[in-house]
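Order of listing sets the numbers, starting from 1, for every ligand and every atom in it. For reference, positions follow the sequence shown, starting with 1. Everything numeric here is computed off the predicted structure, so don't read it as measured data.
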Amino acid sequence: MSANVETRSGARRAGAAEARAWRLGSAGVGAALVLLLLVNVAMGDLRPSAGFGLAYGVLAAVAMLGAAALAVRRRTMRLSTRLGLGRTRAWLYFHLYGGTLFALLVLMHTGFQLPAGVLGWWLWLLSLWTVLTGFLGLALQQWIPKALGSGLGLEVHYDRIPELVAELRDRAEELASTASEPVRQLHQRQVAPELAAPTRRWRYFIDPTGSIHARLRAFEYLRGLLGGDDRDGVTELEALLRAKLEMDAHYTLQWALRSWLYLHVPTSLVLVVLVVVHVGTIVYY
Ligand code: HEM
């Protein structure tokens, strides 16, 4: 047992050290690039096609291909491991830090100017979009598991939510069918419309737990006015509605965690193709 705990805390320490090494290494490379840029500015030629500018472009293309290679690594796990191509975690770090340095290199390559020509604009906008959506995804990956784990009482798999909501709906209908008029009315007005189907709501991005508490305040008030069985009925309806609203929070936030990749991956693949076209055109002509 204690050997297990030690192994786990050892792995955590090694993970933290690895993360720090990548952070420091990338900060070092970033600083070296800025220094190079200062020398370049002092020498006075920031054109993309001149010596320094060309080197930034080549480095940007290498960083981008390295970042995109994460997708290949993930889809060739066995082959990559057999070929000793490193752990996926290292590729993920390269993706995050290499992708960030890619943004800096693109700006350096274009001399911090707006691009010229249609291909130039597409390359510039897609680079910006890919990096911004990458940071958006990273932020969601950090924040959503914490937000879902901290204030909510439920843990639920995204795919099971519709079926679990249907179970809550059936239970609430069964309860209402034998309840007194006030409880039936509460069910009809406040609970039944909510339990109709899983719902995504923007407010869960702001405060998942707070917005649920606010919705349930009416139940507290009504419970104070009723007695005996009615009170128990209200309490059970409240529990069912709370469970549903918590499932909605999962339905909204887990969906965002899955869906942001649609903003990032397809455009990043178009970017890779356009960079290949861009480099091919320059080499050819
Ligand atoms: C050089 C430009 C970039 C390209 C071409 C690119 C492309 C991709 C691709 C193809 C994937 C899917 C990988 C897979 O199939 O598993 C991905 C995932 C991802 N990207 Fe990027 N990306 C770039 C830059 C960035 C940047 C700058 C960030 C943020 C700092 C970022 C954050 C992420 C994250 C968090 C994932 C999900 C990784 C995971 O946990 O599975 N990307 N990217």
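Between F94 and W91, the distance from one ring center to the other does not fall under 6.0 angstrom.
Atom 39 (C) of ligand 1 has its closest protein heavy atom at R74 NH1, 3.5 Å. Regarding atom 14 (C) of ligand 1, its nearest protein heavy-atom neighbour is R75 NH1, 3.6 Å. The nearest protein atom to atom 34 (C) of ligand 1, hydrogens excluded, is given as W260 CH2, 3.4 Å; this is a heavy-atom distance. Distance from atom 40 (O) of ligand 1 to its nearest protein heavy atom, with residue and atom name: Q141 NE2, 3.2 Å. Of all protein heavy atoms, the one lying nearest to atom 7 (C) of ligand 1 is S268 OG, 3.3 Å. Given atom 19 (C) of ligand 1, the protein heavy atom at minimum distance is H95 NE2, 3.4 Å. Scanning all protein heavy atoms for the shortest distance to atom 11 (C) of ligand 1 gives V265 CG2, 3.6 Å. When only non-hydrogen protein atoms are considered, atom 27 (C) of ligand 1 lies nearest to G99 C, 3.5 Å.
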**Request:** Give the intermediate values and the outcome of salt bridge (charged side-chain N to carboxylate O under 4.0 Å, His left out) for residues R200 and D248.
**Result:** CA-CA 6 Å; R200 293 189 191 103; D248 281 348; over 6 Å; no
**Message:** Checking R223 against D232 for the salt bridge (charged side-chain N to carboxylate O under 4.0 Å, His left out) test, could you report, in this order, the C-alpha distance in whole Å, the side-chain angles of both residues, the deciding distance, and whether it holds?
**Reply:** CA-CA 8 Å; R223 214 182 354 253; D232 294 344; over 6 Å; no
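The shortest heavy-atom distance from T133 to ligand 1 is not under 4.0 Å.
Rounding to the nearest 0.5 Å gives a distance of 9.0 Å between CG of L269 and NE2 of H264.
Using a distance-only test at 3.5 Å, with no hydrogens or angles considered, no donor-acceptor pair links the side chain of Y158 to the main chain of R258.
Taking the six-membered ring where the residue is Trp, H109 and H278 present perpendicular rings, their angle passing 60° and hence far from 30°.
H264 contributes atom NE2 as its closest N/O/S atom to atom 21 (Fe) of ligand 1.
Here atom 30 (C) of ligand 1 lies nearest to F135 when heavy atoms of F102, Y97, W91, F135 are compared. Of the candidates L271, L126, T130, it is T130 that places a heavy atom closest to atom 3 (C) of ligand 1.
Residues R184 and E181 are paired through a salt bridge, judged by an N-O separation under 4.0 Å between the basic side chain and the carboxylate. Of the charged side-chain nitrogens involved, at least one lies within less than 4.0 Å of a carboxylate oxygen, so that R242 and E238 count as a salt-bridged pair.
Looking at heavy atoms from C-beta onward, Y97 lies out of side-chain contact with F102 at the 4.5 angstrom threshold.
For ligand 1, the atoms closer than 4.0 angstrom to any heavy atom of L92 are 38 (C). Atoms of ligand 1 found under 4.0 Å from any heavy atom of T100, numbered from 1 in the order shown, are 27 (C), 30 (C). Below 4.0 Å from some heavy atom of G134 lie the following atoms of ligand 1, by number and element: 28 (C), 29 (C), 31 (C), 32 (C), 42 (N).
Minimum interatomic distance between T110 and P48 (heavy atoms only, all atoms of both residues): CA-CG, 4.4 Å.
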